[in-house]
Amino acid sequence: MARLLAVAGALDLLVRRVGQVAAWLAVALMLVIVFDVITRHFLVLGSTKLQDLEWHLHAALFLLTLGYAYVEGAHVRIDILHARFGPRTAAWVELLGATLMLAPFCLVVLYYGYAFWERSFMMDEGSASQTGLPHRWVIKAFLLFGFGFLFLAALGAASRSLAILLGAPAGPTHPEHQEVGL
Amino acid sequence: MAQYGPGLSLSMLAVLMVLLFTGFPVAWCLAGVGLVYAGLGMLLDVFNPMQLFLVVSRIWGGVAENLVLVAVPMFIFMGVMLERSGVARSLLEILSILLRRVPGGLALAVVLMGTIMAATTGIVGASVVMLGMLALPVMAERGYDKPTTAGVIASSGTLGILIPPSIMLVIMADLLAIPVGDLFTGAVFPGLVLAGLYAIYIMVVGVLRPRAMPRETEPWRGSAGELVVLLLKGFVPPTLLVALVLGSIVMGWATPTEAAGVGAFGATVLAIVNRSLTPRLLTEVVCESALTNAMIFGILCGAAIFSYVFRAMGGDDAILETIAALDLHDWQLLALLMGIIFLLGFFFDWLEITLIILPVFRPIVMMLDLGTMVPAESLLLWFAIIVAVNLQTSYLTPPFGPALFYLRQVGKDTLTLGEIYRGIIPFTLLQLLALVLCIAFPALVLWLPSVSN
Amino acid sequence: DEVHWQMAGTFPSSLPQLGTLGKRLETQIAEISGGEIEIRFYEPNALVPPLEVFDAVSVGAIDSAFSTPGFWAGKVPGLQVFGALPFGPAAPEYMAWFYFGGGKAIFDEIYAKHGIHSVMCGMLAPEGSGWFREEVPNAEAMAGMKLRFFGLGAKALEKLGVSAQLLAAPDVYPALERGVIDGLEFVQPAIDLNMGFWQIAKHYYFPGWHQQATFFDLMINQQRWDALNDMQKAQIESVCGDNVRYGIAEGEAIQFDALNELQAKGVTLHRWSDEDLAKFKAAVDEVFAEQAAADPDFKRAFESFTAFRENYKIWRDLGYLN
Ligand code: NA
Ligand code: NA
């Protein structure tokens, strides 16, 4: 039981740290957009590469923070009934949801996503617009990273719920307002 | 597939409803139901495992490699930054001082902000989050009742999908083969009518139920000098920011999507000028924006599998066969169609609905004979706009109303989903009223496009 | 055996030619096969986002897709030779090379590497060269312009100092209206008329040197194709062959009404001078050389195409009036 909690804690920490670092991609995205808007006005650069870079940053940002948001309890829930559940019922919901819905979804995306990534890698896919960024497989790999971390977050939630069902004290399932900082 | 009838695909909706109420995250309930039915389809031999590859295609092509959605993290960042740095607070304070004699003054300010934001973006998630960030704390402090607060914010935040520029109108223009410009101009009055209806409703409630929207009873005690200082502090920074965002679009420097990034940058500069931007604050803003952003994109990822499996299991056909079987004419058909779009809005977002409805209904609509009310050459345009007004409602209707989820997440410490559901009812009725007005008075839609050509 | 296939569209069925040709396939194949073959058209994004259909057909996640080989520049650059080439020929010469000049064999080989059997299945009339907010006196004046432009043509224009922009679909109209971009390339008069660019940009340029004749193709997952019997294969090939005929005839027939209507709406139609076209061509030739150096399949297909055009030249010069 203590081991389950330790596993859950370690997984949460890993996913949270990755998310906290990835969150800064929003600042990079903001700077790229402003750079594009300003330079386009004064210089003649091909903007296609910058505009490709914008969605690359957007994709990496949301993919790498999906798991972080799960760990922090930021994915929205319809909690009309949930609020009235006792800790054991809530743990059952989380255990079953994480193992029967979230984890299988991650595995499906990882399984087919690997084929998707491999195809891109084998042909060294470039931008469809010819003037954009090359090597699409680099950004496509973030699909695998993102759903990989989400999968770990699901495992963490499952082990914590299991521990609670086995009798561990039910702390807050999602330690909200964690100390933010790196 | 057809041998299982419409029942199988339609039962997905029922199962989703049940699972949503377990309180497991909405995003992963969508994904889970999609997976279960894909599995069921495999057992019944109507779904081939390789089709699940399309889940990845849809997440990648529809959500990740999508230049429009780049605006979402930027608008959220702007909203969180404005809230955390205190800029938003000063604005709403000064607005509520100025509007304190107007019933529901603060709520009116939110509608106004929602309308302005709508002219810069069509991304509902971003608008709702930003308005929620800015207005929730202040409205709560002023004693506005919670359902009303929720209704005002959620509905004002969804104006962006109707008021141009709007991604929904662009996609509709494509599917119906009519000029985007006509749809943009056609949507202006319906959007403003809707905002106007919200405003009228708010003032009426403010008069009839002052406890829902308490007016300031205390007279303003400050000196004129203090008022000027407050005015400057409250108005100048946000006005600069609005001017920057709208101005960069109007002056042709930035596209509407890029304007979101410009706005985020502007909000950061304001926080620096305000001397509130510490490394700690920036870290908080960055992390909080990322969490909210991930919440929105989680739902989009879950919907990518749910709506695909629904369609692959013959859900679209079930709907269309039902319509065909009724064999209706003209006004009845129009009414039925509007009803179906409204009902589908309980479960799906506008994109999935337009993809089902518009291509199939385009030829039918072109043959509709609505007498002298709508000239035949404007029929498609008018139809597109009333569908757009109808679809805006889909963001607001429970259980699956994305605008409600976004607001729930922003207000997770203050608002319950029940309060949000209750608060949205009158606004949904106002949407229906706007829809009826656009149908009864086609000139609302058609006049502006006719004079701007 | 009956065949029930899903076909992913990459353009909405409402768009003339781009979409209607795919939709037409659905009805024609049902008629010619007496209902034995159903190839159902799905709107773009309904099942698959347009740029993802190549992978989806290749792995068999969807049976087929209706698209143009030019879409796959980023994945399989060699296929660009089979979509449309800047300063490429008009339809008869292009088809002559494809069907009789060795093009089809290379096309089949390239697709086969990706588990796809593709049948040429449509042809578009020449495109317009672009919509501009201001009159463009000559090719040099394009230097510094911001244009929404794709593909090999965009690469060539960058050599002339144009800044190519990649805009989100909903941004295109406001961007053109507000001057974020100075112009854009879309398709051809009959299609562009519906898009309403004339409401903002009043100068429409021709000829579309970047894209004269454009092939569309029906990509089919190899295993699904192999599972057909000979009659079914012949039915699909016949319907597609007929779709090429239909596309050319329709494409030629629908442009003049659109052009007249555009003029009535106040659009000025321009034609690039021969000197300007020569400058575009020089830039395009540089791009071809780069592409051929970078990709062996592109090189092979392009050399076959160029050799055919050399041989064809004597016939073109003698046999035709101009
Ligand atoms: Na908008
Ligand atoms: Na809804």
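Naming: A, B, ... by sequence-line order, numbering from 1 per chain. The figures here come from the full heavy-atom set of this structure, side chains too, leaving out hydrogens, waters and symmetry mates.
Proximity of B:Pro179 to C:Met195: side-chain heavy atoms (C-beta onward) are nowhere separated by under 4.5 Å.
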How far apart are the C-alpha atoms of C:Asp55 and B:Phe53, what are their side-chain angles, what is the distance that settles it, and do they pass the side-chain contact (heavy atoms from CB on, under 4.5 Å) test? CA-CA 9 Å; C:Asp55 287 13; B:Phe53 183 88; 4.0 Å; yes

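B:Met251 CE: 12 or fewer foreign heavy atoms inside a 6.0 Å radius. More than 12 heavy atoms of other residues, nucleotides or ligands lie within 6.0 Å of CH2 in C:Trp225, so this atom counts as buried by the packing criterion. Residue-environment remark: CD (C:Glu134) stays at or below the threshold of 12 foreign heavy atoms within 6.0 Å. When the shell of 6.0 Å around CZ of B:Phe265 is examined, it contains 12 or fewer heavy atoms from other residues, nucleotides or ligands. The number of heavy atoms from other shown groups lying within 6.0 Å of CG (C:Asp226) is above 12. Within 6.0 Å of atom CD in C:Gln223, 12 or fewer heavy atoms from other residues, nucleotides or ligands are found, so the atom counts as exposed in its surroundings.
Distance check: C:Glu43 CD to B:Leu358 CG gives 9.0 Å after rounding to the nearest 0.5 Å. If you take CG on B:Leu183 and OH on C:Tyr173, they are separated by 10.0 Å, rounding to the nearest 0.5 Å. The structure places CD of C:Gln6 at 5.5 Å from CD of B:Gln51, a figure rounded to the nearest 0.5 Å.
Contact count against chain B (heavy-atom pairs under 4.5 Å) is highest for C:Val59 among C:Val59, C:Leu51, C:Ile191.
Interface remark: C:Leu47 contributes backbone and side-chain atoms alike to the contact with chain B (heavy atom separation under 4.5 Å). The contact between C:Pro44 and chain B is made entirely by backbone atoms, counting heavy-atom distances below 4.5 Å. Neither the backbone nor the side chain of B:Met168 comes within contact range of chain C; no heavy atoms are under 4.5 Å apart. For chain C, the nearby part of B:Ala254 is the backbone; its heavy atoms alone come within less than 4.5 Å. Within the 4.5 angstrom heavy-atom criterion, only backbone atoms of B:Leu176 (N, CA, C, O) approach chain C.
Residues C:Glu52 and B:Ser57 come closest through the heavy atom pair CG-O, 3.6 Å. Scanning both residues, C:Asn45 and B:Arg58, for their nearest heavy atoms gives O-NH1, 3.3 Å. Closest non-hydrogen pair, C:Pro49 versus B:Gly62, comes out as CG-N, 3.8 Å.
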